[in-house]
Asks: 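Below is a structure I'd like to ask you about.
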Amino acid sequence: STIRKVMFITLWVAIGGGMFTLLMAAISKKNKGNCRDYVITVKGDESKLFMNRAEIAILLEELVAGPIKGQPISKFNLVTLENKLEQDSWISDAELYFENKDILHVDVEEKIPVARVFTVNGRSFYVDSIGNTMPVSMKRSARVPVFTGFPHKAQLSAKDSILLRQVAAA
């Protein structure tokens, strides 16, 4: 019975060690490859998107300082790239990952404007559902309610922020 236990433990240690070795080899191989291609998916209604795949590709190329294809995979810090993409005023969420064929997948969810606001000095911007502001696009416009007479300030006060949330909820 003791021999069986020792054999059982030895077998599990050997299996665990083998799995660990395979995992490390896969990670090592993954970090040595180059990005073969990329696929960008923008979630939302194609006819209503403010950013297209080409614009996101240009943004990514700026972030990685060069073309995406051919870059070493080890050069891609996916978490940092996701965070930088999410700093764009039109992107609410970004998910990046490499598949096993060294193809980068970029899934982007765009913010959805719920209102357009005009300030007293004629400036205009969109507001999303949680009160974040987004710039007006020269290419597209959203069919949303319009609010006028919003105060113009470089820095929004607490009252202005509350007003924006009320506009978003309207």
Side-chain angles (χ1 to χ4, degrees), residues 30-31 33-170:
K30 188 66 148 173
N31 287 332
N34 290 336
C35 178
R36 298 176 111 186
D37 204 355
Y38 59 94
V39 177
I40 297 173
T41 305
V42 184
K43 297 175 186 168
D45 184 349
E46 287 284 329
S47 66
K48 296 180 182 178
L49 293 176
F50 281 79
M51 292 187 77
N52 60 35
R53 289 178 188 88
E55 293 165 328
I56 294 169
I58 289 169
L59 188 56
L60 270 174
E61 287 175 356
E62 289 173 5
L63 293 173
V64 296
I68 300 167
K69 285 185 188 180
Q71 292 278 357
I73 290 175
S74 60
K75 185 176 179 181
F76 290 87
N77 183 331
L78 299 180
V79 173
T80 300
L81 289 172
E82 287 174 357
N83 291 334
K84 297 252 187 207
L85 284 172
E86 290 169 356
Q87 289 175 4
D88 185 271
S89 56
W90 279 103
I91 296 175
S92 67
D93 187 44
E95 299 292 328
L96 282 74
Y97 62 93
F98 277 98
E99 69 175 38
N100 59 358
K101 294 181 181 176
D102 297 339
I103 296 175
L104 176 64
H105 286 262
V106 181
D107 296 334
V108 171
E109 188 173 338
E110 191 175 77
K111 291 179 183 175
I112 300 170
V114 296
R116 185 164 178 180
V117 175
F118 286 88
T119 64
V120 292
N121 71 343
R123 188 174 153 251
S124 176
F125 56 89
Y126 289 108
V127 178
D128 71 3
S129 61
I130 58 173
N132 293 324
T133 62
M134 301 168 301
V136 173
S137 170
M138 294 300 182
K139 296 179 281 184
R140 295 175 188 86
S141 63
R143 295 183 57 91
V144 294
V146 175
F147 294 83
T148 60
F150 193 82
H152 172 71
K153 296 178 186 170
Q155 187 73 22
L156 295 178
S157 68
K159 288 181 183 178
D160 296 333
S161 296
I162 291 170
L163 182 58
L164 274 181
R165 283 194 294 276
Q166 290 173 342
V167 165

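Below, all heavy atoms of this structure are taken into account, side chains as well, without hydrogens, waters or symmetry copies. Just so you know, residue 1 is the first one in the sequence shown, and it goes up from there.
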Asks: Would you say Met51 and Val42 make side-chain contact, with heavy atoms under 4.5 Å?
Replies: no

Asks: Quick one: closest heavy-atom pair of Ser124 and Arg116, and the distance?
Replies: OG-NE, 2.7 Å

Asks: With rounding to the nearest 0.5 angstrom, report the CG to CG distance, Leu96 to Leu63.
Replies: 9.5 Å

Asks: Check whether any side-chain heavy atom of Arg140 sits under 4.5 Å from a side-chain heavy atom of Asn52, and report yes or no.
Replies: yes

Asks: For residues Asp37 and Lys69, report the shortest heavy-atom separation together with the two atoms involved.
Replies: OD1-CE, 2.9 Å

Asks: For Val144, is there any backbone N or O sitting under 3.5 Å from a side-chain donor or acceptor partner on Tyr126?
Replies: no

Asks: Where do Val106 and Leu81 land on the side-chain contact (heavy atoms from CB on, under 4.5 Å) test, with the steps shown first?
Replies: CA-CA 10 Å; Val106 181; Leu81 289 172; over 6 Å; no

Asks: Give, for atom CG of Leu85 and atom CG of Asp107, the distance between the pair rounded to the nearest 0.5 Å.
Replies: 11.5 Å

Asks: May I ask you to decide if the ring planes of Phe50 and Trp90 are parallel, tilted or perpendicular, using 30° and 60° as cut-offs?
Replies: parallel

Asks: In sequence, state the C-alpha distance, the side-chain angles, and the governing distance for Lys84 and Asn77, and then conclude on side-chain contact (heavy atoms from CB on, under 4.5 Å).
Replies: CA-CA 11 Å; Lys84 297 252 187 207; Asn77 183 331; over 6 Å; no

Asks: When you measure from the side chain of Arg53 to the backbone N and O of Ile40, does any donor-acceptor pair fall under 3.5 Å?
Replies: yes

Asks: Roughly how far, to the nearest 0.5 Å, is the CD atom of Glu109 from the CG atom of Asp93?
Replies: 6.0 Å

Asks: Using 30° and 60° as the class limits, which term best fits the ring planes of His105 and Tyr97: parallel, tilted or perpendicular?
Replies: parallel

Asks: What are the two closest heavy atoms between Lys111 and Asp128, and how far apart are they?
Replies: CD-OD2, 3.6 Å

Asks: Do Asn34 and Pro72 come close enough that some side-chain heavy atom pair is under 4.5 Å?
Replies: yes

Asks: If I take atom CD from residue Glu95 and atom CD from residue Glu86, how far apart are they, to the nearest 0.5 angstrom?
Replies: 7.0 Å

Asks: Return the CD1 to OH distance between Ile68 and Tyr38, rounded to the nearest 0.5 Å.
Replies: 4.5 Å

Asks: Between atom CD of Gln71 and atom SG of Cys35, what is the distance when rounded to the nearest 0.5 Å?
Replies: 8.0 Å

